[in-house]
Amino acid sequence: MQLSSQALDSASNAQPTDESAALSTTATFDVGGMKCAGCVRAVESQLLKQPGVATATVNLVTEAALVEYDAAIANPQTLAEALTEVGFPSQLRWVAGQEADTETRRIDLAERQQQEAKERRKQLAIALTLLIFSAIGHLSYFGVNLPGLSNIWVHGVLATLTLLFPGRNILVDGWRGLLRGMPNMNTLVSLGTLTAYLTSVVALALPSLGWECFFDEPVMLMSFILLGRTLEQQARSKAVSSLQSLVALQPTLARLIAVPSAEQAGVEIPVSRVRVGEWLRVLPGEKIPVDGEVVDGQTTVDEAMLTGESAPVLKQPGDRVSAGTLNQTGAIALKATRTGADTTLAHIISLVETAQTRKAPIQRLADVVAGYFTYGVMAIASFTFLFWYFVGIPLWHDAIASHGILAMGHAHGMMQPGIVQPGMEAMTSALPMSDISPALPHPFVLSLKLAIATLVIACPCALGLATPTALLVGSSLGAEHGLLIRGGDVLETVHQLHTVVFDKTGTLTAGHPTITDVVPLQPAFTTDTLLQLAASVESGTQHPLAVAIQEAAQQRSLPLLSTQQFHTEAGFGVSAEVDGQPIALGTADWMEQQQVAMSADAQNQANTIAAHGKTVVFMAANSQLVGILAAMDVLRSDAIATVQALEAMGLQVRLLSGDRPETVTAIANTLGLAADRFQAGMSPAGKVEAIAQLQNQGYRVAMVGDGINDAPALAQADVSLALHSGTDAAMEASDIVLMGDRLNDVVNAIQLSRATFNKIRQNLLWAMSYNILGIPIAAGLLLPSLGIILNPSVAGGLMAMSSVSVVTNSLLLRKIRLSGE
């Protein structure tokens with residue numbers, strides 16, 4: 001049992017004493033120009049090179065970088081300029097500790113969405129146009145010739161225009177990355193398209209070489225790339241829509257009033273100008289502008305955006321309301337308690353954004369692989385060309401010729417209409433002809449096509465998108481349901497959980513105990529005297545038992561007495577001087593520490609009370625035991641169902657409580673926990689030790705508490721979950737924050753975490769399998785035995801669809817059905 005949270009609360013908010021740590025701060029940057037996981041690694045490496053930067057984490061999907069740096073050495077503007085100089089246009093979004101301009105953020109986000117939508121429409125139109133023209137060029141392979149459009153010069157001009165205009169940005173970015181030692185997806189596409197184009201130009205200029213012109217390939221390849229990226233950007237936009245909707249929830253205007261009355265007309269001012277302590281009026285149908293306390297009026301508020309609970313909540317004077325929630329039925333006046341970046345909604349947005357940049361360990365490995373991926377693909381493509389030109393085609397010439405060549409995507413007659421290719425007649429006349437392929441291409445051209453296909457089929461994008469898209473959808477979906485998950489590392493650990501440990505008071509129980517028994521043990525102390533003294537000692541603390549004692553005193557109209565020299569011992573009790581008289585209040589262990597004797601009769605009375613599931617509080621005055629107080633805190637309505645659901649998921653449930661054994665036993669029996677699954681009389685240090693013992697046995701342990709009183713145990717656990725009780729410390733102390741304050745959300749959080757991590761694994765498996773299978777096939781694996789090759793354009797189309805499939809698979813996560821839905 002714990003009667004006060006002051007000690008741990010102050011500890012959880014303690015500032016670092018190390019000078020360098022004190023100067024450390026974080027900033028978020030918007031980073032453009034990233035195309036694949038190789039770009040992510042390049043941005044992170046560039047940031048880490050800068051003086052003063054400690055950590056850098058980059059999200060490919062949201063195009064954001066979270067940087068921790070020494071404010072005495074590094075400057076955020078300088079960091080943004082450093083990224084811009086190496087080809088990743090960047091700008092500072094937000095610095096921790098500075099007031100966030102939410103209105104500017106909202107406007108920038110809206111403009112960015114409009115610009116992206118406009119760009120997608122333009123890109124789609126260009127992609128479809130190029131696809132149509134390249135398809136017309138390929139009709140000639142089937143004997144269909146359209147007047148004017150089947151001429152090779154027309155296709156040459158079309159290829160030139162394609163590379164100069166719609167493909168220019170891709171080519172420039174690709175070569176810039178290569179020259180700077182940071183090759184990316186665009187580098188591979190650039191090498192492939194330019195090689196195909198230049199080879200066709202040479203073939204057109206020097207027909208005596210016998211090379212094939214394939215101008216249609218770079219056109220179709222570029223059209224597939226643009227089409228794929230359009231679909232990918234559309235899918236990404238859907239993935240980030242939930243976070244964007246959270247940002248859009250932040251109100252822009254507030255109605256300032258001079259007196260705390262719901263009838264005051266007031267004057268509208270920007271929310272950014274509202275200050276703590278000012279009075280505001282909110283009409284029905286309006287959003288609450290800031291966090292505050294209702295001072296006049298009565299209404300119902302829709303808090304679904306905050307807690308995931310759709311049922312409206314009644315709000316009366318004294319109740320707290322949060323920014324972004326919707327006032328439904330009545331006009332109210334409220335007093336602003338938190339504004340700007342300090343509001344609960346702003347904290348949620350910040351947590352979600354941060355979560356989307358924190359990587360799972362499995363993604364760090366993927367990023368390392370992707371960082372070297374482009375170099376590896378270029379090496380494989382070079383080896384492919386050399387192998388087939390010097391070894392493969394001479395070695396398997398007869399086998400290839402006997403099969404003909406089936407170019408996946410269309411029947412591939414390698415001769416272009418209108419182009420005379422001397423030397424090819426003699427070669428083709430000596431080869432067996434197939435119904436599919438009329439001729440074997442020149443060895444140089446065939447080797448080159450295989451190398452180009454190898455370049456463009458490789459897809460580091462899929463590797464780079466695998467984790468951030470799933471994490472983006474999962475964290476946004478969690479926020480919609482009142483579940484704040486801090487990042488991919490948390491998801492991976494949740495997936496490995498074995499045991500879930502619960503605190504009792506305020507976690508498994510409703511957290512609103514009421515005083516049921518007040519037993520004087522000395523003639524000089526009456527029931528009212530005990531309550532008055534106890535409430536005075538507990539004044540100012542917010543632990544559920546302390547609140548229960550204060551409420552009981554208020555109900556009897558007992559005024560608080562003059563109190564000083566407060567002392568709190570977390571998990572044991574409190575002491576103070578009340579009107580000069582030393583008073584101690586707490587557990588039996590606390591009485592022992594205070595050298596208070598415990599009679600057998602008092603112990604028996606306490607045991608009898610505790611046997612009914614009540615929490616016992618002993619009270620001493622002048623080192624003499626003078627009374628016993630008892631409080632009853634009922635189990636939450638969903639406690640039993642939650643425990644059963646967790647056990648059905650294969651998790652072991654345990655209970656650790658500081659309360660008396662009799663009380664804890666009664667609760668555990670109700671929950672159906674075996675005798676070896678709960679422990680009573682646990683101090684905060686004892687809970688930490690119990691969790692450490694489980695971890696030493698190889699178990700992954702989650703701890704569920706209130707985020708303050710159980711801070712040491714939450715810190716020790718592999719994953720910590722806190723039921724949000726309106727405190728910032730709960731958010732800061734836990735890996736997962738349950739905003740709805742519902743115990744069943746523990747099940748939902750674990751279900752969502754498991755589902756999200758499973759999506760990450762599916763995406764990574766697909767991305768790796770695609771490259772492992774696709775690259776060898778593009779390099780000609782099936783050519784000797786089956787006579788099958790991949791056209792560069794088809795390879796490019798497969799590459800584009802690989803990225804789209806990863807994002808689409810992540811979006812399917814939104815179809816998950818959480819418990820209770």
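Residue numbers run from 1 in the order of the sequence given.
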Any donor-acceptor N or O pair under 3.5 Å, side chains [X], [Y]:
| X | Y | answer |
| --- | --- | --- |
| Lys759 | Asn809 | yes |
| Thr84 | Ser90 | no |
| Gln550 | Glu538 | no |
| Gln123 | Thr230 | yes |
| Thr344 | Asp291 | yes |

### Query
Among all residues two or more places apart in sequence or in another chain, which pass the ring pair (Phe, Tyr, Trp, His ring centres under 6.0 Å) test with Phe88?
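None.
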When rounded to the nearest 0.5 angstrom, what is the spacing between [atom1] in [X] and [atom2] in [Y]?
| X | Y | atom1 | atom2 | result |
| --- | --- | --- | --- | --- |
| Leu472 | Ser810 | CG | OG | 8.5 Å |
| Thr756 | Ile816 | OG1 | CD1 | 6.5 Å |
| Leu345 | Met739 | CG | CE | 9.0 Å |
| Thr55 | Glu68 | OG1 | CD | 4.5 Å |
| Leu226 | Leu124 | CG | CG | 10.0 Å |
| Leu253 | Leu256 | CG | CG | 12.5 Å |

Are [X] and [Y] side-chain neighbours, meaning at least one heavy-atom pair lies under 4.5 Å?
| X | Y | value |
| --- | --- | --- |
| Asp296 | Pro260 | no |
| Ile736 | Val494 | yes |
| Val43 | Met34 | yes |
| Asp503 | Leu508 | no |
| Cys39 | Leu60 | no |
| Val53 | Leu79 | yes |
| Asp302 | Thr325 | no |
| Gln77 | Leu92 | yes |

Main-chain N/O of [Y] paired to [X] side chain as donor or acceptor, under 3.5 Å:
| X | Y | value |
| --- | --- | --- |
| Asn744 | Thr642 | no |
| Asp638 | Ala641 | no |
| Ser476 | Val473 | no |
| Thr300 | Val313 | no |

#### Entry: From CA spacing to verdict: side-chain contact (heavy atoms from CB on, under 4.5 Å), Lys315, Glu303
CA-CA 11 Å; Lys315 298 293 182 180; Glu303 296 183 333; 3.1 Å; yes
Who are the side-chain hydrogen bond (donor to acceptor under 3.5 Å, both in side chains) partners of [X], not counting sequence neighbours?
| X | value |
| --- | --- |
| Glu551 | none |
| Gln751 | none |
| Arg636 | none |
| Thr467 | Gln363 |

So which atom in [X] and which in [Y] form the shortest heavy-atom distance, rounded to 0.1 Å?
| X | Y | value |
| --- | --- | --- |
| Pro251 | Lys287 | CG-CB, 3.8 Å |
| Pro289 | Leu280 | CG-CD1, 3.7 Å |
| Tyr69 | Thr26 | CE2-C, 4.2 Å |
| Ala65 | Val58 | CB-CG2, 3.9 Å |
| Asp173 | Gly33 | OD1-O, 4.4 Å |
| Thr339 | Arg275 | CG2-C, 4.2 Å |

Side chain to side chain contact (heavy atoms under 4.5 Å, CB included) with [X]: which residues, sequence neighbours excluded?
| X | result |
| --- | --- |
| Arg556 | Thr527, Asp528, Leu531, Leu558 |
| Ala117 | Arg120, Arg121 |
| Asn169 | none |
| Ile257 | Gln264, Trp279, Arg281, Ala333 |

### Query
Which of these passes side chain to side chain contact (heavy atoms under 4.5 Å, CB included) with Leu483: Ile750, Val737, Asn748?
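So the option named by the test is Asn748.
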### side-chain contact (heavy atoms from CB on, under 4.5 Å) evaluation trace for Asp735 with Leu721
CA-CA 6 Å; Asp735 298 312; Leu721 301 93; over 6 Å; no
### Task
Applying salt bridge (charged side-chain N to carboxylate O under 4.0 Å, His left out), name anything that partners Asp489, two or more places apart in sequence or on another chain.
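Counting only residues at least two positions away or on another chain, Asp489 forms a salt bridge (charged side-chain N to carboxylate O under 4.0 Å, His left out) with Arg358.
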### Task
In sequence, state the C-alpha distance, the side-chain angles, and the governing distance for Leu334 and Val321, and then conclude on side-chain contact (heavy atoms from CB on, under 4.5 Å).
CA-CA 8 Å; Leu334 61 89; Val321 290; 3.9 Å; yes
### Message
Test: salt bridge (Lys or Arg N to Asp or Glu O under 4.0 Å). Region: residues 254-268. Which pairs qualify, not counting sequence neighbours?
### Response
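Matches after skipping sequence neighbours: Arg255-Glu268, Arg255-Glu286.
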#### Entry: Pairs touching residues 53-67 that satisfy salt bridge (Lys or Arg N to Asp or Glu O under 4.0 Å), sequence neighbours left out
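Salt bridge (Lys or Arg N to Asp or Glu O under 4.0 Å) check on residues 53-67 returns Glu63-Arg112.
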### Task
Apply the test side-chain contact (heavy atoms from CB on, under 4.5 Å) to residues Ile332 and Ile288: give CA-CA distance (whole Å), side-chain angles for both, the deciding distance (0.1 Å), then the verdict.
CA-CA 10 Å; Ile332 56 172; Ile288 307 294; 4.2 Å; yes
